[in-house]
Amino acid sequence: MTLPTDPAENLAALIRCASVTPAEGGALTALETMLKPLGFLVDRPVFSEGGTPDIENLYARRSGNGPHLMFAGHTDVVPVGDEAAWTHPPFGAEIANGEMYGRGAVDMKGGIACFIAAVARHVENNGGPKGSVSLLITGDEEGPAINGTVKLLEWAASRGEKWDASIVGEPTNPDALGDMIKIGRRGSMSGAVTVNGRQGHVAYPQLADNPVRGLMGLVDALLHPVFDKGTRDFQPTNLEVTSIDVGNPATNVIPAKATATFNIRFNDTWTAETVQAEIHNRLDQAARRKKYRQGKKTPVDYDLVWRDRPSHVFLTRDDRLIETLRGSIKSAVGKEPTLSTSGGTSDARFIKDYCPVVEFGLVGKTMHMVDERVAIADLETLTQIYQRFIEDWFGQG
Ligand SMILES: [Zn+2]
């Protein structure tokens, strides 16, 4: 039997499955076909929740006598966008000038294809790692992420699964393979602040209460002063105002309401709770400033609503995991990767509640774009990095 040792072949099989969230598109079946000959037991639980599409996920485990490494990722992809703008068809896996084209090539079917090839080579050369290896693959990362990684982790943990370390194969490298390992992520929270005023004629402001004045003050308080200057491992906390809405078409009417929405990315100076307290405090102080009240005695009347659940900030401190991966990268590409906590959130924020987690995958330059593509040479190098990591982490070089 031929084992799936060629990452480009693995990736081509995955790209040819049109698995745009929430469709499985055959991608998990393709994975199962690769994993079974390697000795993995494969489960494909489907999770549901009212108001969201059902999602099929995959958990595969190859059991051994030793520590347990989990590789996590997703086979779902974002829509192709303007299909006519693609140089090669988005589900064709065509190769041109040493690059394979297709939606998901780097985000992140490519990472999965390389990890499977790495395990296959290890099985072929050494008979497989002495510990356990599992793949935790969701079909709901690019969508609402409700029926994906969170439930899959709970499902696996309830069956007694325990992991010692995890690698997420998202594209972490900005420019070249080996640039960057992600060892944590900032937290994220969104909110909306609405100021309630009283509608009236612009010529008689004393009879009305203009909420736009109050909102200007509250927004200013959200932005200044800066929250912090950054920490050893994280960039400074940053708040962005994402929208200001009054919806008033008239030029002679003072509106009744004004709303601003914002998102804050916070570092390990804070927790979700202390960020919320800080923002409440800033708004309360600004609401009492006379400057925004046009002689009125009462403070600015506002409501603050937090949207969704916060993503918590985290930092992985498992030296063996980080140093082993760093060493594998250095031996393959000859340079030291940066350890970073930059960028948006990822499913690592859920995995960190179960075991230490780092993220390392392909080069992210073309992710979510028309003509998403990956260098065939990068697929080979990432496979070698993962293979070396497996050998060193399990101590079986
Ligand atoms: Zn991704």
Side-chain angles (χ1 to χ4, degrees), residues 1-38 40 42 44 56-58 60 71-121 135 137-143 168-173 176-177 360-387:
M1 191 181 316
T2 54
L3 297 180
T5 51
D6 180 357
E9 245 175 60
N10 297 350
L11 178 56
L14 292 172
I15 286 177
R16 291 188 187 116
C17 305
S19 52
V20 177
T21 330
E24 183 268 330
L28 297 181
T29 300
L31 275 191
E32 188 167 354
T33 307
M34 296 172 207
L35 291 169
K36 282 213 161 138
L38 296 174
F40 281 86
V42 180
R44 289 165 62 174
E56 187 170 6
N57 300 272
L58 180 145
F71 177 87
H74 61 91
T75 48
D76 61 322
V77 294
V78 296
V80 299
D82 180 7
E83 187 157 356
W86 285 70
T87 315
H88 300 274
F91 302 113
E94 287 178 11
I95 297 172
N97 300 320
E99 292 180 305
M100 185 181 290
Y101 285 71
R103 176 57 82 225
V106 294
D107 185 11
M108 60 156 282
K109 289 174 171 176
I112 299 173
C114 293
F115 187 80
I116 291 177
V119 174
R121 290 177 189 187
L135 281 89
I137 307 293
T138 173
D140 190 26
E141 201 273 343
E142 305 284 13
V168 176
E170 291 281 5
T172 50
N173 299 289
L177 201 60
F360 184 74
L362 289 161
V363 177
K365 258 191 270 187
T366 60
M367 60 184 173
H368 295 209
M369 292 170 80
V370 159
D371 277 346
E372 181 174 349
R373 60 195 184 276
V374 61
I376 301 294
D378 279 1
L379 292 175
E380 179 55 33
T381 307
L382 182 59
T383 300
Q384 287 172 14
I385 291 169
Y386 283 155
Q387 192 185 349

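Please read these numbers as outputs of a predicted model, since none were measured by experiment.
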Would you say the side chain of [Y] lies within less than 4.5 Å of the side chain of [X], judging by non-hydrogen atoms?
X    : Y    : value
R103 : V20  : no
L362 : L379 : yes
L38  : L3   : yes
I116 : L35  : yes

Keeping the roles fixed (side chain from [X], backbone from [Y]), state whether a donor-acceptor pair exists under 3.5 Å.
X    : Y    : answer
N173 : G361 : yes
E372 : A105 : yes
E142 : V77  : no

List, one per line, each side-chain donor-acceptor pair under 3.5 Å for residues 95-102, sequence neighbours excluded.
from : atom 1 : to   : atom 2 : distance (Å)
E99  : OE1    : R373 : NE     : 3.2

What residues, two or more places apart in sequence or in another chain, satisfy side-chain contact (heavy atoms from CB on, under 4.5 Å) together with [X]?
X    : answer
A176 : D179, K335
Q387 : A118, R121, N125, E391
P22  : P53, I55

Locate the shortest heavy-atom distance separating [X] from [Y]; write the atom from each residue and the value.
X    : Y    : value
G364 : P171 : CA-CB, 3.7 Å
L28  : L58  : O-CD1, 3.7 Å
F40  : V119 : CE1-CG1, 4.0 Å
V370 : A85  : CG1-O, 3.4 Å

### Selection residues 81-95 - residue pairs positive for salt bridge (charged side-chain N to carboxylate O under 4.0 Å, His left out), sequence neighbours left out
none

### Any residue meeting salt bridge (charged side-chain N to carboxylate O under 4.0 Å, His left out) with E56, in chain and number order, not counting sequence neighbours
R44

Holding to side chain to side chain donor-acceptor pair (under 3.5 Å), I want the full list of residues that pass it with [X], two or more places apart in sequence or in another chain.
X    : result
K365 : none
T381 : none
E9   : none
D107 : H74, H368

### Query
Does Y386 have any ring-ring contact (aromatic ring centres under 6.0 Å, His included) partners at least two apart in sequence or in another chain, and if so, which?
F71, F115

### Query
If you measure from CD on E32 to CD1 on I137, what distance do you get to the nearest 0.5 Å?
13.0 Å

### Query
CD1 of I112 to CG of L11: how many Å apart, nearest 0.5 Å?
9.5 Å

Could you give the side-chain donor-acceptor pairs of residues 12-19 under 3.5 Å, partners two or more places apart or in another chain?
from : atom 1 : to   : atom 2 : distance (Å)
S19  : OG     : T75  : O      : 2.8
S19  : OG     : K109 : NZ     : 2.8

### Candidate pair E170 and E141, rule side-chain contact (heavy atoms from CB on, under 4.5 Å), full reasoning
CA-CA 11 Å; E170 291 281 5; E141 201 273 343; 3.6 Å; yes

